[in-house]
Amino acid sequence: MGTSNETAKLTCPCCQATLVVDRDTMTILYADEHREKAGGTSFNQALEDLKAKEQKKSNLFQQAMAEEKQRRESLGKKFDQLQKKAAEEPDAPLPPRPFELD
């Protein structure tokens with residue numbers, strides 16, 4: 001059994017970190033984080049993960065492109081409708097301009 005002036009090493013059950021505690025003051029002197037050994041995943045697994053991420057990025061980009069195309073078509077249709085309305089009613093008053101409100 002150690003004397004009271006020695007330090008105690010404890011392992012955290014949650015994160016597997018090693019804590020060094022002073023027995024007299026019961027303070028943590030330092031902590032070492034648990035690290036996985038290098039090469040935790042195989043090269044093939046890492047390559048598959050990278051390919052999956054690239055595929056996900058590509059899918060998101062294609063989806064964003066489709067949404068943008070749909071938005072542009074929608075705005076084009078609205079613009080055409082407003083142009084037709086303006087051509088049908090040439091005597092209609094113009095909307096007020098913000099700089100003319102002063």
Side-chain angles (χ1 to χ4, degrees):
M1 188 167 210
T3 61
S4 64
N5 59 359
E6 291 182 8
T7 58
K9 289 186 180 180
L10 304 171
T11 303
C12 177
C14 298
C15 64
Q16 302 302 318
T18 302
L19 306 172
V20 178
V21 179
D22 182 24
R23 291 183 187 209
D24 290 334
T25 60
M26 299 304 274
T27 58
I28 298 174
L29 299 176
Y30 64 90
D32 290 330
E33 294 180 9
H34 176 69
R35 296 183 184 174
E36 291 184 23
K37 293 181 180 179
T41 60
S42 69
F43 179 75
N44 292 333
Q45 180 64 34
L47 187 60
E48 288 175 13
D49 292 345
L50 184 62
K51 286 181 181 179
K53 286 180 184 179
E54 289 296 323
Q55 183 65 33
K56 184 177 179 181
K57 287 180 190 178
S58 177
N59 289 342
L60 289 173
F61 180 74
Q62 294 299 325
Q63 181 181 2
M65 289 293 290
E67 289 173 358
E68 182 65 21
K69 184 178 179 181
Q70 182 181 5
R71 187 182 71 84
R72 284 182 183 226
E73 289 174 359
S74 158
L75 289 175
K77 288 179 183 178
K78 287 180 184 179
F79 182 74
D80 291 340
Q81 288 176 353
L82 290 174
Q83 267 189 329
K84 287 179 185 177
K85 183 178 177 183
E88 291 172 358
E89 300 174 10
D91 297 334
L94 295 175
R97 297 178 185 166
F99 57 86
E100 291 178 350
L101 294 177
D102 290 339

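Computation of the quantities below employed the complete heavy-atom set of this structure, encompassing side-chain atoms and omitting hydrogens, waters and symmetry-equivalent molecules.
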Take Gln16 and Thr11, measure what side-chain contact (heavy atoms from CB on, under 4.5 Å) needs, and give me the verdict at the end. CA-CA 6 Å; Gln16 302 302 318; Thr11 303; 3.8 Å; yes
Extract all donor-acceptor atom pairs below 3.5 Å that involve side chains of residues 70-92 and protein atoms in other chains or at least two apart in sequence.
| residue | atom | partner | partner atom | Å |
| --- | --- | --- | --- | --- |
| Arg71 | NE | Glu68 | OE1 | 3.4 |
| Arg71 | NH2 | Glu68 | OE2 | 2.8 |
| Arg72 | NE | Glu68 | OE2 | 3.4 |

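Residue Tyr30 belongs to a hydrophobic cluster whose other members are Val20, Leu29, with links defined by side-chain heavy atoms closer than 4.5 Å. Connectivity analysis of hydrophobic side chains (ILVMFWY, heavy atoms under 4.5 Å, direct or indirect) links Phe61 to Met65.
Taking 4.5 Å as the limit, every side-chain heavy atom of Arg23 sits out of range of all side-chain heavy atoms of Thr7.
The OG atom of Ser42 sits 7.5 Å away from the CD atom of Glu48 when rounded to the nearest 0.5 Å. Of the inter-residue distances, the one linking Leu10 atom CG with Ile28 atom CD1 reads 8.5 Å to the nearest 0.5 angstrom.
By the side chain to side chain donor-acceptor pair (under 3.5 Å) test, Asn44 is found to be paired with no residue, residues two or more places apart in sequence or in another chain being considered. Looking at residues two or more places apart in sequence or on another chain, you find a side chain to side chain donor-acceptor pair (under 3.5 Å) between Asp49 and Gln45. With sequence neighbours left out, Cys14 forms a side chain to side chain contact (heavy atoms under 4.5 Å, CB included) with Cys12.
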